[in-house]
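Everything on this sheet refers to the single structure shown next.
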Amino acid sequence: MRGAVIHAPGDIRFETLQDPKILKPTDAIIRTAVTCVCGSDLWPYRGAEPTDHAHPMGHEYVGFVEEVGPEVTAVKPGQLVVGSFATSDNTCANCRNGFPSSCVNVEFMTTCQAEYVRIPNAQGTLVATDGIPDEKFWPGLLAVSDVMGTGWWAADAAEVKPSSTAVVVGDGAVGLCAVIAAKELGAERIIAMSRHESRQKLAREFGATDIVTERGEEGAARIKELTGGIGADSVLECVGTQQSMSQALHSARPGGNVGFVGVPHEVALDGQELFFSHVGLRGGPAPVRRYLPDLIDRVLSGAIDPGKVFDLTLPLDQVAEGYQAMDERRAIKTLLTP
């Protein structure tokens, strides 16, 4: 088969790779229907994470089941399935407590920008759709496998409630999906922090009521101004930098909550400041599997359309251009078709 391999920062190649095989009785093999490039893939692409050796890339997927191990009974060959970037058995104590991305048997997907993919923990990870949905739904289902699930986690972790005010820090695919989540959870006012016109337009389409273009302390001050000097009930941090985290914490009201889902890079918190802020802080890798059945239903019913975050579609063999377009902010998110 063929798939994407990173060799060094800025060096993505589409190469011939070994076909995946069943290695454990809990594995499944899927034939990729659609996959994509994630904003977090840009960290190694930009050199912010080291690439010590060439390795495959990708962790978002929708595909057709080709083969299953002997312990996999939840899905069968021929079904269209969606799964999480964090595989889980869905039976351990952490899974039962709602955190499958901390499953005791967790394996993180890293090979999904390819024609075929081995899915560990398939029994607990994969969710089959009812029949084969129209291809118009596939981008939305693909978003559910990561960015929509992660945006939902940001809203859930920040405890977005009906009639509340929510702020979304970050206008990438996760941030835009977080706007959807905040609206679905009933926020009355949703303030999207964005400097890019095309992303502002999509944020408003998804439910944002206000746009703030300022960043850092100026951005936090603008949020205070818009909320009567108090701050927001919930802040959804979807970037992962020191500036975005500080901006999020300073935008929340005392007693408010920050849900942080951007993978942190060189982020440090001042314990004294956090202590006196009375702001709650929760985040981490999104427990996507917890949300999959609900989010799949919302996509297939037309209640949400997170697939709109894909504003560039390319053949899988042009994956390098997909990375470059996102790196240069010519695209929000690149969808790849085998």
Please check this pair: side chain of [X] against backbone of [Y], looking for a donor-acceptor N/O pair closer than 3.5 Å.
X: D41; Y: V37; value: no
X: T26; Y: A122; value: no
X: R289; Y: G124; value: yes
X: E237; Y: G240; value: yes
X: T209; Y: I190; value: yes
X: D297; Y: D294; value: no
X: R298; Y: I304; value: no

Nearest-0.5 Å distance that lies between atom [atom1] in [X] and atom [atom2] in [Y]:
X: N94; Y: D89; atom1: CG; atom2: CG; answer: 9.5 Å
X: S145; Y: L126; atom1: OG; atom2: CG; answer: 11.0 Å
X: I180; Y: L185; atom1: CD1; atom2: CG; answer: 11.5 Å
X: S198; Y: I332; atom1: OG; atom2: CD1; answer: 5.0 Å
X: L249; Y: E273; atom1: CG; atom2: CD; answer: 7.0 Å

Is there a side-chain contact between [X] and [Y], using heavy atoms and a 4.5 Å cut-off?
X: E266; Y: Q242; result: no
X: T337; Y: L316; result: no
X: E107; Y: R118; result: yes
X: C36; Y: K333; result: yes
X: E15; Y: R2; result: no
X: V167; Y: L236; result: no
X: V147; Y: E60; result: yes
X: M57; Y: V5; result: no

>> Tell me if the CD1 atom of I211 is crowded by more than 12 foreign heavy atoms within 6.0 Å.
In response: yes

Just jot down the ring pair (Phe, Tyr, Trp, His ring centres under 6.0 Å) partners of [X], sequence neighbours excluded, or say none.
X: H196; answer: none
X: F108; answer: none
X: H265; answer: W43

Is the shortest distance from a Lys or Arg side-chain nitrogen in [X] or [Y] to a carboxylate oxygen in the other one below 4.0 Å?
X: E159; Y: K161; result: yes
X: K183; Y: E188; result: no
X: D11; Y: R13; result: yes

For residues [X] and [Y], is any side-chain donor paired with an opposing acceptor at under 3.5 Å?
X: N105; Y: N121; answer: no
X: T35; Y: T32; answer: no
X: D171; Y: S194; answer: yes

Strictly by ring-ring contact (aromatic ring centres under 6.0 Å, His included), give each pair with a member in [range] just once, sequence neighbours left out.
range: residues 48-99; result: H53-H55, F64-W138, F99-W153
range: residues 305-338; result: Y45-Y323
range: residues 208-232; result: none

> Among all residues two or more places apart in sequence or in another chain, which pass the side chain to side chain donor-acceptor pair (under 3.5 Å) test with Q247?
Replying inline: none

>> Please enumerate all residues that pass side chain to side chain donor-acceptor pair (under 3.5 Å) together with E328, with sequence neighbours excluded.
In response: Q324, R330

> What pairs meet the side chain to side chain donor-acceptor pair (under 3.5 Å) rule with one or both residues in residues 299-317, with sequence neighbours excluded?
Replying inline: E205-K308

>> side chain to side chain contact (heavy atoms under 4.5 Å, CB included) for V239 and M245? Distances and angles first, verdict last.
In response: CA-CA 8 Å; V239 182; M245 180 65 83; over 6 Å; no

Show the atom names and distances, to 0.1 Å, of all donor-acceptor pairs under 3.5 Å that link a side chain in residues 67-82 to residues at least two apart or in another chain.
from, atom 1, to, atom 2, distance (Å)
T73, OG1, Q123, NE2, 3.1
Q79, OE1, K76, N, 2.8

>> Please enumerate all residues that pass salt bridge (charged side-chain N to carboxylate O under 4.0 Å, His left out) together with D156, with sequence neighbours excluded.
In response: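 D156 satisfies salt bridge (charged side-chain N to carboxylate O under 4.0 Å, His left out) with R290 only.
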
> What pairs of residues pass the salt bridge (Lys or Arg N to Asp or Glu O under 4.0 Å) test when at least one of them lies in residues 209-220, not counting sequence neighbours?
Replying inline: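 Residue pairs with at least one partner in residues 209-220: R189-D210.
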
